[in-house]
Trainee: 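What follows is a single structure, and I will ask about it in a moment.
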Amino acid sequence: MPRQLRSMNVAIRLGMTVRRRFEVVYRGVRMPHLDFAVSRAERSAAQGRHRTH
């Protein structure tokens, strides 16, 4: 289970998706990473849905 599961769930709720997966080796330990991002079009669409004025 990923250590940052709560943070990952927040990113997903905000409309972000995993753009790449990579691994970092730190002190001999392999650590998988996920790079989350949101596209400009997705962000603009989400902001338009949340405007109140």
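What you see below is based on every heavy atom in this structure, not just the backbone, and it leaves out hydrogens, waters and symmetry mates. Note that the coordinates shown come from a computational prediction; the quantities given were computed from them, not determined experimentally.
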Trainee: As a quick check of understanding, evaluate side chain to side chain contact (heavy atoms under 4.5 Å, CB included) for Val24 and His33, giving each step before the final call.
Mentor: CA-CA 7 Å; Val24 174; His33 286 66; 3.7 Å; yes
Trainee: Whether Arg19 and Asp35 form a salt bridge (side-chain N of Lys/Arg under 4.0 Å from carboxylate O of Asp/Glu) is what I want to check.
Mentor: no
Trainee: Rounded to the nearest 0.5 Å, what's the gap from CD1 on Ile12 to CG on Leu5? Could you check?
Mentor: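 These two atoms lie 8.0 Å from each other.
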Trainee: Establish whether Leu34 and Met31 are linked, either directly or via other cluster members, by ILVMFWY side-chain heavy-atom contacts under 4.5 Å.
Mentor: no
Trainee: Just how far is it from atom CG of Leu14 to atom CZ of Phe36, taken to the nearest 0.5 Å?
Mentor: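 Reported to 0.5 Å precision, the distance equals 11.0 Å.
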Trainee: Tell me if the CZ atom of Phe22 is crowded by more than 12 foreign heavy atoms within 6.0 Å.
Mentor: yes
Trainee: I need the Arg6 CZ to Met8 CE distance, nearest 0.5 Å.
Mentor: 13.5 Å
